[in-house]
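Here the structure is laid out as structure tokens; the discussion comes afterwards.
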Amino acid sequence: MANEYTQRLAALLGAVKEKRPLVHHITNYVTVNDCANIALALGASPVMADDIGEAAEMTGAAQALVLNIGTLNARTVEAMLASGRRANEKGIPIVLDPVGAGATALRNRTAEKLLEQLKISVVRGNLSEIKFLRGLGGETRGVDAADQDGLPARVALARELAQMLHSVVTITGPTDVASDGEKVLRVDNGCALLSGVTGTGCMSTTLVAGLCGAAQPEDTLLCAAGGVALMGLAGELSLEREDGRELGHFHMGIIDAIGRMDEKTLLERVKIDEA
Amino acid sequence: MANEYTQRLAALLGAVKEKRPLVHHITNYVTVNDCANIALALGASPVMADDIGEAAEMTGAAQALVLNIGTLNARTVEAMLASGRRANEKGIPIVLDPVGAGATALRNRTAEKLLEQLKISVVRGNLSEIKFLRGLGGETRGVDAADQDGLPARVALARELAQMLHSVVTITGPTDVASDGEKVLRVDNGCALLSGVTGTGCMSTTLVAGLCGAAQPEDTLLCAAGGVALMGLAGELSLEREDGRELGHFHMGIIDAIGRMDEKTLLERVKIDEA
Amino acid sequence: MANEYTQRLAALLGAVKEKRPLVHHITNYVTVNDCANIALALGASPVMADDIGEAAEMTGAAQALVLNIGTLNARTVEAMLASGRRANEKGIPIVLDPVGAGATALRNRTAEKLLEQLKISVVRGNLSEIKFLRGLGGETRGVDAADQDGLPARVALARELAQMLHSVVTITGPTDVASDGEKVLRVDNGCALLSGVTGTGCMSTTLVAGLCGAAQPEDTLLCAAGGVALMGLAGELSLEREDGRELGHFHMGIIDAIGRMDEKTLLERVKIDEA
């Protein structure tokens with residue numbers, strides 16, 4: 001269903017392959033190998049460096065920064081802040097994956113600190129993580145409303161948090177939504193098996209960052225929707241393979257699918273539209 | 001060979017899929033991705049958090065705790081102790097994987113400390129690790145006896161250490177044995193190729209913890225045997241696939257096999273019986 | 001193209017499978033699982049331990065040590081130095097992978113410190129990393145010359161750095177070169193897709209260390225060329241499989257290929273010769 005959005009996404013994918021943006025990750029050790037491989041498969045170049053003694057300097061060479069708090073610790077949180085400040089000074093996009101926000105006080109304080117001290121371009125999380133971040137604002141109505149998990153509630157939640165944070169907010173789920181505070185895009189790609197493999201969320205975040213690293217700031221909303229759309233489509237394509245329903249093969253097929261993603265497949269299969 | 005044990009194990013597998021227990025891991029960074037994926041494939045929900053600032057709090061939300069000392073460091077050992085105390089307060093099972101116990105003084109002291117300060121539900125290790133832990137008791141006879149590696153010696157070793165620790169002890173090897181200090185179960189699943197892939201021991205530990213997280217305390221011995229039986233059977237099933245003898249494909253096929261494990265296959269193929 | 005070098009390499013591969021050398025890694029958390037699996041596939045035995053409280057002791061039990069600075073931090077750099085000193089005392093080979101040398105001051109200082117304080121048997125890096133290390137010597141001519149990236153320039157660079165460091169130096173690229181400061185070997189195995197998977201460089205380093213761990217010191221140059229030749233050939237063999245052009249399957253096929261590498265394939269396909 002080629003439309004304005006998928007056509008622009010196809011152009012962005014081409015830009016990634018041409019520019020090979022360096023995406024600096026400070027991320028968890030559970031899914032870091034998959035994040036590096038999905039970045040390469042997209043056409044970007046991944047680098048991971050989390051020591052306070054070099055993190056900001058590495059960010060200085062990058063075109064995008066991923067901050068993922070999946071296995072945060074006292075040492076890496078400081079590196080995230082230092083790298084984030086450098087990214088802001090340099091004007092490169094930061095994509096935040098607030099893994100497990102809401103689960104512990106440390107994650108909550110860290111997410112809050114990152115959002116307060118840094119200008120984040122995109123926040124990508126699942127519903128409970130994004131609800132938690134919305135609650136940080138002190139109003140719980142939007143969060144409660146979203147408890148229904150219906151699409152209208154999620155559209156409202158993404159838009160509200162985006163306005164609150166002055167960032168693009170993406171909520172992944174059966175239908176993904178992304179908002180810059182005004183416009184809201186919906187993504188109807190994906191399959192249930194994606195939740196059977198660890199790291200599909202983290203990999204989505206890397207894809208968003210890879211796209212952002214080759215795009216202009218005005219394309220941020222499209223990158224935020226496009227990264228999760230590519231992950232959803234990769235899941236669909238992997239599932240269609242002979243061994244696609246087997247979790248180990250399905251996992252590997254996701255990397256395969258991003259690696260061979262072409263304009264034709266993207267235009268035919270990516271489903272992004274206004275919500 | 002369906003018997004009382006395999007029938008109860010099939011029921012436990014069903015309970016995991018229904019309850020989706022959260023299994024908190026403080027584990028090594030070598031095999032952590034496989035542990036997360038095998039937990040998901042079993043039907044459990046994995047989480048990894050190792051900072052002292054949140055580890056115990058995360059354990060407070062979990063149904064089981066894995067402590068794996070494969071790449072321990074000063075920081076994570078403290079988190080293991082804090083999480084372990086919380087698990088004991090809350091009454092959820094702890095499964096200890098004493099990776100490399102016997103190899104360095106730090107591993108030895110750490111294993112000793114964890115066993116002294118915490119009530120551990122299951123210890124799962126290979127023969128040399130379990131022999132080392134048995135030696136901690138100050139008597140070396142049992143350890144020497146087990147040097148023959150014969151099944152009777154390993155049965156005696158598991159029983160003795162279980163009595164000493166008041167825990168269930170599982171020794172993995174060509175025939176796995178598990179004992180609660182009285183009863184001893186043997187498991188005759190597995191294949192030699194499992195030792196050609198890193199992390200098959202760690203994944204077994206995760207499977208034991210996943211089962212424990214959905215079971216009653218009186219089922220602990222069965223969980224301890226059942227987790228290693230499922231891993232052994234997954235190896236057999238992976239080996240039977242077309243590419244099963246190839247190490248990379250075999251590795252992935254293990255995840256596949258746990259993901260599609262059903263009651264029929266389990267009842268037909270799992271071999272657990274009294275030793 | 002069996003020749004003196006490939007015949008000796010085949011003998012070394014047999015020695016690894018017979019001796020199963022323990023290869024201690026202090027390495028990055030991005031590709032560590034692949035390094036462990038490729039070591040097992042080769043026939044070696046991997047162990048990872050990076051806490052200062054045990055790292056040197058673990059090295060004391062090993063036959064080779066890998067130092068890889070891919071995700072170095074203040075804590076692990078100290079462990080690298082302590083392990084390296086123990087390796088030197090014990091007379092076992094150290095293989096250094098200076099990942100990202102040149103990218104940050106911390107990496108540069110660390111690489112310099114490791115090279116100054118330790119006797120390194122083999123340094124394996126890509127062209128930009130090796131150029132950076134050559135520059136540490138204070139002369140930039142060789143580096144500039146190598147900017148052309150032609151084979152003669154890389155041969156000269158490897159020989160010069162090897163003389164400067166009194167180590168064997170391997171530069172990986174379209175044609176790999178390895179030199180002990182006098183002789184230079186070239187390796188013409190490999191395929192472009194190897195750069196589409198993270199960790200193929202790290203895995204090459206592990207293969208070099210695995211070979212060194214079963215070899216005599218006078219075979220170091222051959223091990224340095226042989227490890228990268230085996231990785232290159234594994235890439236070729238993986239690419240020839242049905243799904244070989246798919247990045248996820250290609251990745252797994254590399255492990256497959258090392259696992260089933262036999263003397264016949266090695267003698268027919270490995271291309272090592274004097275440069």
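Just so it is clear: chains get the letters A, B, ... in the order the sequence lines come, proteins before strands, and each one is counted from 1.
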Minimum heavy-atom distance Val30(B)-Ala36(C), with the two atoms named: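 Smallest interatomic distance, heavy atoms only, reads CG1-CB, 4.0 Å.
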
Here's a test: name every donor-acceptor pair under 3.5 Å between chain C and chain B, with the distance for each.
unit_1	atom_1	unit_2	atom_2	d
Asn33(C)	ND2	Val30(B)	O	2.9
Asn37(C)	OD1	Thr198(B)	N	2.9
Asp50(C)	OD2	Tyr29(B)	OH	2.7
Asp51(C)	OD1	Ala74(B)	N	3.1
Glu54(C)	OE1	Thr104(B)	OG1	2.6
Glu54(C)	OE1	Arg107(B)	NE	2.8
Glu54(C)	OE2	Arg107(B)	NE	3.3
Glu54(C)	OE2	Arg107(B)	NH2	2.8
Glu57(C)	OE1	Ala105(B)	N	3.1
Glu57(C)	OE2	Ala105(B)	N	3.2
Arg241(C)	NH2	Asp243(B)	OD1	3.4
Arg241(C)	NH2	Asp243(B)	OD2	3.3
Asp256(C)	OD1	Gly248(B)	N	2.6
Asp256(C)	OD1	His249(B)	N	3.0
Asp256(C)	OD2	His249(B)	ND1	2.5
Arg260(C)	NE	Glu246(B)	OE1	2.7
Arg260(C)	NE	Glu246(B)	OE2	2.9

Report the distance from atom CG of Leu40(C) to atom CG of Leu193(B), rounding to the nearest 0.5 Å.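 Interatomic distance, Leu40(C) CG to Leu193(B) CG, rounded to 0.5 Å: 10.5 Å.
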
Side chain, backbone, both or neither: which part of Ala61(C) has an atom under 4.5 Å from a heavy atom of chain B?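 Neither the backbone nor the side chain of Ala61(C) comes within 4.5 Å of chain B.
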
